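Start at 1 and go down the list; that is how both ligands and their atoms are numbered. In this chain, residues are counted from 1 in sequence order. Just so we're clear, the structure is a prediction, and the values are computed from it rather than from any experiment.
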Amino acid sequence: MKLYSTNDLSSRVNFKEAVFNSMPQDKGLYMPVEISPLPQDFIDHLDKYTLPEIAYTVAKHMLQGAIPDGDLQALINDAINFDAPVVELEEDVYVLELFHGPSLAFKDFGARFMSRVMAYFLEAGEKQLDVLVATSGDTGGAVALGFLGVPNTRVTILYPKGKVSGMQEQQLTTNGQNIRALEVDGTFDDCQALVKQAFTDTELNEKFRLTSANSINIARLIPQTFYYFNAYAQLLRQGKNKVVFAVPSGNFGNIGAGLLAWKMGLPVQQFIAATNANDTVPEFLKTGVYQPKPTVATLSNAMDVSSPSNWVRIADLFKNDTEALKKLITGYSFNDEDTVKAIVKIFGAYKYVACPHTAIAWLALTDYMEKQDNGATGVFLSTAHPCKFPDVFPKQISKAVEIPEQVKNLSAKPKQATALKADFNEFKIYLLNN
Ligand SMILES: *Cc1c(COP(=O)(O)O)cnc(C)c1O
């Protein structure tokens, strides 16, 4: 498999380099040189395959031998060990639940796959891989649990003290083993600044093999294509073969993966990009002007992004054919008031509790389906389990949220975190001494 940078279409790196670099030197993003359609016979008979089988076939097609078949098979079976069911809410409206992994968010697909790919590529005798990650909440949990127990790797998470939810803090601080948490007396931006400075520090880079595991890594995007194929497979079993996907979007990695799946031949009628008040992309789709505004804080805070980092990948997929892009992707944006109303409506109509991100996708899908009568089945993606956002729900809905097994035991485990000032020297001394 060869990849190029979106800033230099003639550049070439192999998969291993792209995974360890995360981002090319020229600050573009890595894209596969070849994204060819899967065999039509496979697409037509997706209903015959399980999620791990689909994942293996899709990954093998994309990776083109970068990981030998047997190893890839084992890696997939280990990484993709939880389900992604589509649940019918009413005729032709389904929710694709992506929160059955260890951190209860779709980011588990990317984090688990990437951690295992990295461990696989670390050659015998190579230095341990040190992953540094700053988190405002969700990413840290997925990365921590994704790398937990993965040999030859160690994760250091920096999170802002008092600024993540109780459950998120438990997910970050109760792991032990190869995961350690630093509780930084500062903001998320402080955490991110400390991590960035560490990557440029000569002494730290000599002593450690540092990597960032952030969301723009191509190894996080590839496994997210799997569940689009698998959702389609489940619908095929119910005799449905026309589908639209509504995707709650922040950095646009999730919908970007959907578009990769489409490019590999998955027959999707339409993608719906659903955002909160951070509406750079919906505005662009409406007006043709791409103009990020300052980021605003919302209830769906995992989507509080005004300059989506994966947008360049999507633009690149369409080679700047804006008309084709606008035809395939419809944009919607909703505010917090809409979001809460949607949560109440979904609960009233289906006795189903949707997290705020998920509710925004449902709103977008509902509006789209009302206006569009193309006989398609609508699927909206549920990106996180509602129990991760306890403060958003009205009381009677809160009571209906079931707490999954993965987190029931967390509160019994002791918190292990090292307190740290937002000071680079202190951070550096910690790294050097531990
Ligand atoms: C990260 C996240 C999103 C946004 O996904 P992108 O790939 O960045 O668009 C949406 N919902 C939840 C719950 C998330 O954690």
Side-chain angles (χ1 to χ4, degrees), residues 29 84 95-114 133-146 164-165 167-168 171-172 188 213-228 245-261 271-282 292 295 298-314 329 331-334 339 342-343 353-364 380-392:
L29 291 185
V95 52
L96 169 56
E97 294 184 344
L98 300 174
F99 53 70
H100 295 284
S103 85
L104 307 177
F106 80 98
K107 291 186 173 73
D108 287 327
F109 281 89
R112 286 180 69 81
F113 183 81
M114 177 181 60
V133 55
T135 186
S136 57
D138 252 13
T139 300
V143 171
L145 293 164
V164 302
S165 80
M167 174 174 308
Q168 284 172 335
Q171 286 184 338
L172 301 174
F188 167 63
N214 63 21
S215 65
I216 51 173
N217 197 301
I218 189 72
R220 281 182 61 164
L221 218 57
I222 291 168
Q224 292 183 53
T225 62
F226 304 161
Y227 50 71
Y228 285 94
F245 285 109
V247 188
S249 296
N251 262 324
F252 281 67
N254 200 356
I255 197 169
L259 291 160
L260 279 183
F271 286 94
I272 302 168
T275 74
N276 58 29
N278 297 287
D279 61 354
T280 306
V281 169
T295 308
T298 75
L299 290 177
S300 47
N301 56 15
M303 312 199 301
D304 290 350
V305 180
S306 62
S307 290
S309 49
N310 277 293
W311 186 252
V312 295
R313 282 199 165 112
I314 294 173
I329 309 174
Y332 280 94
S333 143
F334 297 98
T339 307
I343 288 171
V353 187
C355 94
H357 315 79
T358 306
I360 286 177
W362 176 80
L363 274 174
F380 64 103
L381 276 56
S382 179
T383 44
H385 193 284
C387 76
K388 295 189 89 172
F389 309 92
D391 303 334
V392 171

Looking at residues at least two apart in the chain, or sitting in another chain, which of them share a salt bridge (charged side-chain N to carboxylate O under 4.0 Å, His left out) with D108?
none

The ring pair (Phe, Tyr, Trp, His ring centres under 6.0 Å) partners of F109 (sequence neighbours excluded) come to F82, Y227

As a test of reading the model: which N/O atoms of the protein lie under 3.5 Å from N/O atoms of ligand 1, and at what distance?
residue: ligand 1; atom: 7 (O); partner: G253; partner atom: N; Å: 3.2
residue: ligand 1; atom: 7 (O); partner: N254; partner atom: N; Å: 2.9
residue: ligand 1; atom: 8 (O); partner: N251; partner atom: N; Å: 2.7
residue: ligand 1; atom: 9 (O); partner: G250; partner atom: N; Å: 2.8
residue: ligand 1; atom: 9 (O); partner: N251; partner atom: N; Å: 3.2
residue: ligand 1; atom: 9 (O); partner: F252; partner atom: N; Å: 2.9
residue: ligand 1; atom: 11 (N); partner: T383; partner atom: OG1; Å: 2.8
residue: ligand 1; atom: 15 (O); partner: K107; partner atom: NZ; Å: 2.5
residue: ligand 1; atom: 15 (O); partner: D138; partner atom: OD2; Å: 2.7

Would you give me the side-chain donor-acceptor pairs under 3.5 Å for residues 303-310, sequence neighbours excluded?
residue: D304; atom: OD1; partner: N276; partner atom: ND2; Å: 2.9
residue: D304; atom: OD1; partner: T298; partner atom: OG1; Å: 2.7
residue: D304; atom: OD2; partner: T298; partner atom: N; Å: 2.9
residue: S306; atom: OG; partner: K293; partner atom: O; Å: 2.9
residue: S306; atom: OG; partner: T295; partner atom: OG1; Å: 3.0
residue: S309; atom: OG; partner: N251; partner atom: OD1; Å: 3.1
residue: N310; atom: OD1; partner: R313; partner atom: NH1; Å: 2.7
residue: N310; atom: ND2; partner: N251; partner atom: O; Å: 3.4

Between S103 and Q171, the two heavy atoms sitting closest are O-NE2, 3.4 Å

Taking it one step at a time, do Y228 and N254 satisfy side chain to side chain contact (heavy atoms under 4.5 Å, CB included)?
CA-CA 10 Å; Y228 285 94; N254 200 356; 3.3 Å; yes

For F106, run the side chain to side chain contact (heavy atoms under 4.5 Å, CB included) check against H100, Q224, H357, E97 and tell me which one passes.
Q224

